[in-house]
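Here's a structure for you.
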2 protein chains.
Amino acid sequence: MNEQAEAAAPKKEPRLDSTLSKGLMVLEALTAAKGAKGVSELSRELELTKSNVFRLLQTLAALGYVQATEDKLYRATLKTWQVGRAVVENFNLRDVAGSAMQMLSTKTGEAIYLAVQDGLNVVYIDKIDSTQPIRSWNPVAGTAPIHCVGTGKAILAASYGRMRERMIGNLTKFTDRTITSIKFLDEEMAATQGRGYAIDTGEFRDRIRSFGAAISLPDGEVVGALGVSVPEINLEPGDQERICDLVKMAAESVTHRLQQI
Amino acid sequence: MNEQAEAAAPKKEPRLDSTLSKGLMVLEALTAAKGAKGVSELSRELELTKSNVFRLLQTLAALGYVQATEDKLYRATLKTWQVGRAVVENFNLRDVAGSAMQMLSTKTGEAIYLAVQDGLNVVYIDKIDSTQPIRSWNPVAGTAPIHCVGTGKAILAASYGRMRERMIGNLTKFTDRTITSIKFLDEEMAATQGRGYAIDTGEFRDRIRSFGAAISLPDGEVVGALGVSVPEINLEPGDQERICDLVKMAAESVTHRLQQI
DNA sequence: AAAATATGTGCTGAATAATGGAACAAATGA
DNA sequence: TCATTTGTTCCATTATTCAGCACATATTTT
């Protein structure tokens with residue numbers, strides 16, 4: 001059957017490296033295991049020979065992905081976790097968030113920001129300029145304090161449990177509206193969590209409002225935020241609510257898109 | 001060394017499967033990359049032949065670890081992240097927390113619990129029984145509502161940003177002291193975050209107090225909590241503060257030990 | 001335009017490298 | 001005590017991976 005091989009196989013499946021497949025099978029089996037597993041157990045479970053499993057484990061151990069316990073059992077190490085985390089950290093949010101930002105821009109005409117957390121600040125990793133004559137003006141790669149802009153407050157609200165302590169004593173005042181007491185921040189974060197988006201009423205720059213919503217991974221971990229920044233003078237009645245809803249929706253769509261990548 | 005075996009080779013290094021090594025090299029290179037990478041680029045970077053890299057990518061793609069973009073570039077998928085996450089989720093906290101629990105037991109004599117989150121509850125995955133004549137009595141694998149026991153409140157406080165909304169309407173009342181309003185819970189969580197440990201003043205079982213502190217990963221993610229449960233009648237003045245400090249210290253030591261595994 | 005240099009992908013023969021089974025020592029349980 | 005079961009080593013066999021080339025597209029340079 002040199003010519004056709006398989007008549008009912010419409011897609012030619014590429015031959016794949018069995019050693020790599022088996023090695024990853026072993027690794028997955030270990031990561032999915034509650035405790036440590038032995039060679040024989042894995043060999044039965046994966047239907048591989050003992051010597052094969054043993055050898056795969058040796059190389060996985062040499063590479064640091066698994067570790068042998070004193071009683072000859074093997075468990076996955078945190079290196080596997082770290083490698084996985086790198087995916088998330090190096091993810092190009094710009095690509096994923098691009099269309100959502102574009103949507104926000106066309107529907108609001110104001111400046112759109114994509115921000116990630118960096119310590120007690122947010123860093124803007126992408127932006128779309130406002131099309132309005134009166135603009136706000138943060139550059140890409142610029143930073144802003146996390147406690148007083150929309151994107152920052154959205155991110156902060158989602159990780160407030162871990163961040164709260166670090167905020168104490170770091171609530172620098174920028175305008176009259178800046179939140180400078182931890183008590184008020186507690187309340188503001190609770191409100192933000194309830195709404196699902198954050199509002200900055202000119203707390204960083206006078207008369208510049210901004211609104212933000214967080215972007216998160218399948219497990220809820222926050223990786224960034226979308227935000228709209230708009231001079232108060234551009235705001236007609238009802239605009240703020242409309243923009244906030246848009247930002248929230250946009251962030252949700254990015255979050256959703258992240259799930260399937 | 002009857003004959004000679006290794007004159008200059010002190011450690012015999014086990015031969016390791018090259019395909020698996022190379023495949024993981026490719027995967028690591030992709031996870032560490034800011035954006036997507038092409039076959040040729042990887043081939044140069046890792047000093048492998050193009051056809052070799054191509055094949056490895058094919059199998060990694062077939063297994064779901066990487067994905068080809070429309071323009072023939074490859075990027076790591078969230079599957080890599082998920083596999084890594086499983087390590088953390090299935091990590092045997094018992095092993096790591098064991099000695100800290102033992103320390104807590106000998107220093108307090110009360111019941112020690114190790115808990116992880118499960119939805120709106122905590123599950124006790126390990127315990128050391130009280131040595132006191134009057135005991136509290138939660139079994140291993142037992143559960144308790146997250147909003148009214150020490151371990152649960154400690155975990156909740158650390159992830160309150162993501163959890164707050166889910167708590168609304170789920171604040172079941174168990175005793176007169178149970179927190180049933182979201183407003184009070186907000187305040188209690190803020191206080192807990194400030195202290196670094198949680199206090200349950202008989203909010204789940206009458207006259208049974210419990211104290212808890214969260215255990216977290218290198219990046220701050222919470223994976224569980226240590227707790228001490230003690231009948232009020234056993235508490236002398238000053239005991240509560242002492243126990244709380246112990247619990248906090250114990251949880252910190254487990255957190256620290258987690259870093260290096 | 002056209003040539004030149006990239007790129008990713010498909011073959012194929014050659015041989016390397018992974019394989020499975022047997023054999024081993026060391027625990028473990030009957 | 002023997003009988004299993006464990007992890008580990010070894011080795012001949014061969015199936016598997018590999019490098020190199022060929023080819024089709026892009027992209028860039030001339």
Problem set entry | Whole-Å distance separating the CG atom of Leu48(A) from the P atom of dT16(D) |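 So the two atoms are 13 Å apart, to the nearest Å.
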For this session: By nearest nucleotide on DNA chain D, pick out whichever of Ser18(A) and Lys72(A) is the more 5' one.
Result: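 Nearest-nucleotide comparison on DNA chain D picks Lys72(A).
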Exercise. In whole Å, what is the span from the CD atom of Glu70(B) to the P atom of dG8(C)?
Worked result: 14 Å
Exercise. What about Thr49(A), does its side chain sit under 3.5 Å from the base of dG21(C) through a donor-acceptor pair?
Worked result: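 No.
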Exercise. So does Thr19(A) reach the base of dA18(C) with its side chain, donor to acceptor, closer than 3.5 Å?
Worked result: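 No.
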Exercise. Over how many whole Å does the gap from Leu16(A) atom CG to dG10(C) atom P extend?
Worked result: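 From Leu16(A) CG to dG10(C) P: 13 Å.
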Exercise. Between the side chains of Asp71(B) and Thr69(B), is a donor N or O closer than 3.5 angstrom to an acceptor N or O?
Worked result: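 Short answer, yes.
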Exercise. What is the distance from CG of Asp71(A) to C1' of dT28(C), rounded to the nearest Å?
Worked result: 13 Å
For this session: Could you check which of dA18(C), dG7(D), dG20(C) has an atom nearest any side-chain atom of Asn52(A)?
Result: dG20(C)
Exercise. Does a distance-only test, which skips hydrogens and angles, find a donor-acceptor pair under 3.5 Å between the side chain of Lys50(A) and the base of dG7(D)?
Worked result: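 Indeed there is one.
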For this session: Grab the NZ-P distance between Lys37(A) and dG7(D) for me, whole Å please.
Result: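 Between P of dG7(D) and NZ of Lys37(A): 12 Å.
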Exercise. Please give, in whole Å, the distance from dT8(D) C1' to Arg55(A) CZ?
Worked result: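 Going from Arg55(A) (CZ) to dT8(D) (C1'), I get 13 Å.
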For this session: Compute whether any side-chain donor of one residue and acceptor of the other, for Ser99(A) and Arg257(A), lie under 3.5 angstrom apart.
Result: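 Per modelled atom types, Ser99(A) and Arg257(A) side chains form a pair under 3.5 Å.
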Exercise. Base, sugar-phosphate, or nothing for Ser40(A), non-hydrogen atoms under 4.0 angstrom?
Worked result: sugar-phosphate
